[in-house]
Amino acid sequence: MSFQGKVAIVTGGSRGIGRAIALALARHGARIVVNYVKAAAAADEVAGLIRAGGSDAITVKADVRNLDDVKQMAALAKEKFGRIDILVNNAGILRDNYVTFMKDEEWNDVLDTNLKGAFYGIKVVGKEMVRQKSGRIITIASDAGLLGDLMRANYAAAKAGLL
């Protein structure tokens, strides 16, 4: 498996599953855009590990809930690397609560990040991929989208939407 010459945006790439995906793609030759919202130091660490491994990376602070942020992230990727070949919609959050006690903010934060964030990524990066006549979009879902999850109706709804 080789991703030589490919450019990947990994949303939520500073930690957890996103970090692992970013590092794995880089090990196989991809240049990486490590997206983060709050964890700048963690994103910088991931980018440093990628560079130390022989690939290239940039970090981009962008809130996937904000269309303008996603557009800016894509523009920075194109400016630095000239293209976008892979989008990994990985950014996600949890706001656990029983649905009967869940605040609107807890519902909206999770749906906006986990579902709308993926929509915005596909909307923006998908246009670039159509122009290139190539590209791959990978969206991270969960079995919670099929089975539900205790105190996570918001998370389950977002993941069901992705599925």
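Numbering starts at 1 and runs along the sequence shown.
- Note on I50: it does not cluster hydrophobically with I58, by side-chain heavy-atom contacts below 4.5 Å among ILVMFWY residues.
- Remark: I140 CD1 to N90 CG distance equals 5.5 Å, nearest 0.5 Å.
- Hydrophobic clustering (ILVMFWY, side-chain heavy atoms < 4.5 Å, transitive): M129 and L76 are in one cluster.
- The minimum heavy-atom distance linking A141 with L163 is given by the pair CB-CD2, 3.6 Å.
- Here the closest heavy-atom approach between residue N114 and residue Y155 is recorded as ND2-CD1, 3.5 Å.
- Of the possible donor and acceptor atoms, one in the side chain of H28 sits under 3.5 Å from a partner among the backbone N and O of M1.
- Formation of a donor-acceptor pair under 3.5 Å by the D112 side chain with backbone atoms of K116 is not found in this model.
- For the atom pair CD of Q132 and NZ of K127, the computed distance is 14.5 Å after rounding to the nearest 0.5 Å.
- In this structure, D85 contributes its side chain and V7 its backbone to a donor-acceptor pair below 3.5 Å.
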Open item on the list: Please evaluate residues N35 and M73 with respect to the criterion side chain to side chain contact (heavy atoms under 4.5 Å, CB included), reporting the C-alpha separation (whole Å), side-chain torsions for both, the decisive distance (0.1 Å), and the verdict.
Closed with: CA-CA 8 Å; N35 163 248; M73 177 173 56; 3.6 Å; yes
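- Hydrophobic cluster membership is shared by L115 and W107, with clusters built from Ile, Leu, Val, Met, Phe, Trp and Tyr side chains linked at under 4.5 angstrom.
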- [ ] Apply side chain to side chain contact (heavy atoms under 4.5 Å, CB included) to T11 and Y36, showing your working.
- [x] CA-CA 7 Å; T11 67; Y36 71 97; over 6 Å; no
Open item on the list: Run the side chain to side chain contact (heavy atoms under 4.5 Å, CB included) test on L49 and R19 for me, step by step, so that the C-alpha distance in whole Å, both residues' side-chain angles and the decisive distance to 0.1 Å come before the verdict.
Closed with: CA-CA 10 Å; L49 290 169; R19 173 188 169 111; 3.4 Å; yes
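- Atom-to-atom distance recorded for F101:CZ and E106:CD is 11.5 Å, nearest 0.5 angstrom.
- Residue R83 holds its CZ atom at 12.5 Å from CZ of R131, rounded to the nearest 0.5 Å.
- Counting all heavy atoms, side chain and backbone alike, K78 lies closest to E128 at NZ-OE2, 3.0 Å.
- Under the 4.0 Å criterion applied to side-chain N and carboxylate O atoms, K159 and D143 are not assigned as salt-bridge partners.
- Counting only N and O atoms by type, the side chains of T139 and N89 include a donor and acceptor under 3.5 Å apart.
- I84 and I138 are members of different hydrophobic clusters when ILVMFWY side chains are connected at heavy-atom separations under 4.5 Å.
- Looking at every heavy atom in both residues, A144 comes nearest to A156 through O-CB, 3.3 Å.
- Side-chain N or O atoms of D69 include none that pairs as donor or acceptor with a backbone N or O of V64 at under 3.5 Å.
- Of the listed residues (V88, V60, L87, V10), just one forms a side chain to side chain contact (heavy atoms under 4.5 Å, CB included) with V33, and that residue is V60.
- N66 and D68 get closest at one heavy-atom pair: OD1-N, 2.9 Å.
- Panel note: side chain T113, backbone D109; a donor-acceptor pair is recorded below 3.5 Å.
- Counting heavy-atom neighbours within 6.0 Å of R15 CZ, excluding the residue itself, gives a total of 12 or less.
- Interatomic distance, CG of L111 versus CZ of R65, reported as 12.0 Å (0.5 Å rounding).
- Interatomic distance, N154 CG to L94 CG, rounded to the nearest 0.5 Å: 8.0 Å.
- R136 CZ: 12 or fewer foreign heavy atoms inside a 6.0 Å radius.
- When all heavy atoms of A77 and I9 are compared, the pair lying nearest together is CB-CD1, 4.1 Å.
- Between the side chain of R31 and the backbone N or O of G5 there is at least one donor-acceptor pair closer than 3.5 Å.
- Contact annotation: the side chain of D56 approaches that of K80 to within less than 4.5 Å [non-hydrogen atoms, C-beta and beyond].
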Task: Step-by-step salt bridge (Lys or Arg N to Asp or Glu O under 4.0 Å) determination, R95 to E105 - done: CA-CA 9 Å; R95 298 286 185 266; E105 181 179 305; over 6 Å; no
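- A distance-only check finds no donor-acceptor pair linking the side chain of S14 to the backbone of A43 [under 3.5 Å].
- Taking hydrophobic clusters as Ile, Leu, Val, Met, Phe, Trp and Tyr residues chained together by side-chain heavy-atom distances below 4.5 Å, I86 does not share a cluster with I137.
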